[in-house]
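To start, the structure under review is shown below, and the notes come after it.
Residue numbering restarts at 1 for every chain, and letters A, B, ... go by the order of the sequence lines. Hydrogens, waters and symmetry mates are skipped; everything else that's a heavy atom, side chains included, is used.
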Number of protein chains: 2
Amino acid sequence: MDDDAVFKALADPSRRLLLDLLFERDGRTLTELDAELEMTRFGVMKHLKVLEEAGLVVARKQGREKLHFLNAVPIRQIHDRWIDKYTEHRVSALLDLKNELEETA
Amino acid sequence: MDDDAVFKALADPSRRLLLDLLFERDGRTLTELDAELEMTRFGVMKHLKVLEEAGLVVARKQGREKLHFLNAVPIRQIHDRWIDKYTEHRVSALLDLKNELEETA
DNA sequence: AGAATAGGTGACCAAATGGTCACCTGTCAA
DNA sequence: TTGACAGGTGACCATTTGGTCACCTATTCT
């Protein structure tokens, strides 16, 4: 939905690290994630909150633990709606090459 | 080179707008770009500086004017090195579908 | 030469950001 | 049932960020 929130969420290296960790293995708990960052639990909580609000992380509570899951959909969205536009030149470069070859042949 | 600078540069909507403007038409001057944003010249200068430092904009000085050009390479880099990893699931989803259809047939 | 034009610098400011801590609640296990 | 454990809240703080302004330099036009 909100592209800006996603871009802002991705702008911090700690948050990208959290996404990488969740990509590697989903459903981790806060303290589990905390163990991987050089930061107190509170800092990690704040980052996870930002990620949740951007829709990049979805969390489910189980007993006294909170399990965190990666949701890649918003990344795909900014990819399709924004980034792709800047990267598709490569494709047209290939098409140009194809056309050129066909004309030569 | 520096992924973090690129992500940070992309995190601001004014800067993304600047990139969109340059995507539309390259080689614009500062005052030309300034005219499109609701901000003073100085604000735009700062944003352009951030974009330059991230390598997303390259500028050439011509007389008393400064011409700004878009460089999409860093966007492609974060795409290939980071974003693609989260979006390629779609490809495997398509492959799964393909396999499923082949098995059914 | 003199005025207008395009851009640059450094100081400054308010608001957002990244992080810690004291303290509190709910849940599990001995 | 009592202690340990997982998580949450609000206050607080330093730094960064997004933006303006006064003033300055270099180039162009008449």
Spacing of [X] atom [atom1] relative to [N] atom [atom2], expressed in whole Å:
X: A/D34; N: D/dC5; atom1: CG; atom2: P; value: 15 Å
X: B/L30; N: D/dA26; atom1: CG; atom2: C1'; value: 15 Å
X: A/R28; N: D/dG7; atom1: CZ; atom2: C1'; value: 18 Å
X: B/L67; N: C/dG7; atom1: CG; atom2: C1'; value: 12 Å
X: A/F7; N: C/dA16; atom1: CZ; atom2: P; value: 21 Å
X: A/K61; N: D/dA6; atom1: NZ; atom2: P; value: 14 Å
X: B/L48; N: C/dA6; atom1: CG; atom2: P; value: 16 Å
X: B/M45; N: C/dG7; atom1: CE; atom2: C1'; value: 7 Å

Here the salt bridge (charged side-chain N to carboxylate O under 4.0 Å, His left out) pairs for residues 7-17 of chain A, sequence neighbours left out, are A/D4-A/K8, A/R16-B/D4
Could I get a table of every N or O pair under 3.5 Å where one atom is in the protein and the other is in nucleotides 25-30 of chain C?
residue: C/dT27; atom: O2; partner: A/R64; partner atom: NH1; Å: 3.3

Note to self: Do A/F23 and A/L21 sit in one hydrophobic cluster, given that two such residues count as connected whenever their side-chain heavy atoms are within less than 4.5 Å of each other, even indirectly?
What the structure shows: yes
**Prompt:** Taking a hydrophobic cluster as the set of Ile, Leu, Val, Met, Phe, Trp and Tyr residues connected by side-chain heavy atoms closer than 4.5 Å, whether directly or through intermediates, do A/V57 and A/V73 fall within one such cluster?
**Reply:**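 Different clusters: A/V57 never reaches A/V73 through Ile, Leu, Val, Met, Phe, Trp or Tyr contacts under 4.5 Å.
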Identify, with sequence neighbours excluded, every residue that meets side-chain hydrogen bond (donor to acceptor under 3.5 Å, both in side chains) alongside [X].
X: B/E65; answer: none
X: A/E53; answer: none
X: A/R25; answer: A/E32

Check: Should the pair B/W82 and B/F7 be assigned to parallel (<30°), tilted (30 to 60°) or perpendicular (>60°) ring geometry?
Finding: perpendicular
**OP:** May I ask you to verify whether the side chain of B/R41 and the base of D/dG19 hold a donor-acceptor pair under 3.5 Å?
**Re:** no
Do any N or O atoms of the protein come closer than 3.5 Å to N or O atoms of nucleotides 14-18 of chain D, and which pairs are they?
residue: D/dG18; atom: OP1; partner: B/D12; partner atom: OD2; Å: 3.4
residue: D/dG18; atom: OP2; partner: B/R15; partner atom: NH1; Å: 3.3

Whether [X] contacts [N] is assessed here as follows: a side-chain N or O lying under 4.0 Å from the phosphate OP1 or OP2. Is that the case?
X: B/T40; N: D/dC21; answer: no
X: A/T31; N: D/dG7; answer: yes
X: B/K49; N: C/dT9; answer: no

Nearest heavy-atom contact between B/A5 and B/A54 is O-CB, 3.7 Å
Heavy-atom nearest nucleotide on DNA chain C taken for A/V44 and for B/K66; more 5' hit belongs to B/K66
Are a donor atom and an acceptor atom from the side chains of B/D20 and A/Y86 found within less than 3.5 Å of each other?
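Result is yes, a qualifying pair exists.
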Of the candidates C/dG7, C/dT9, C/dA22, the side chain of B/T29 sits closest to C/dG7
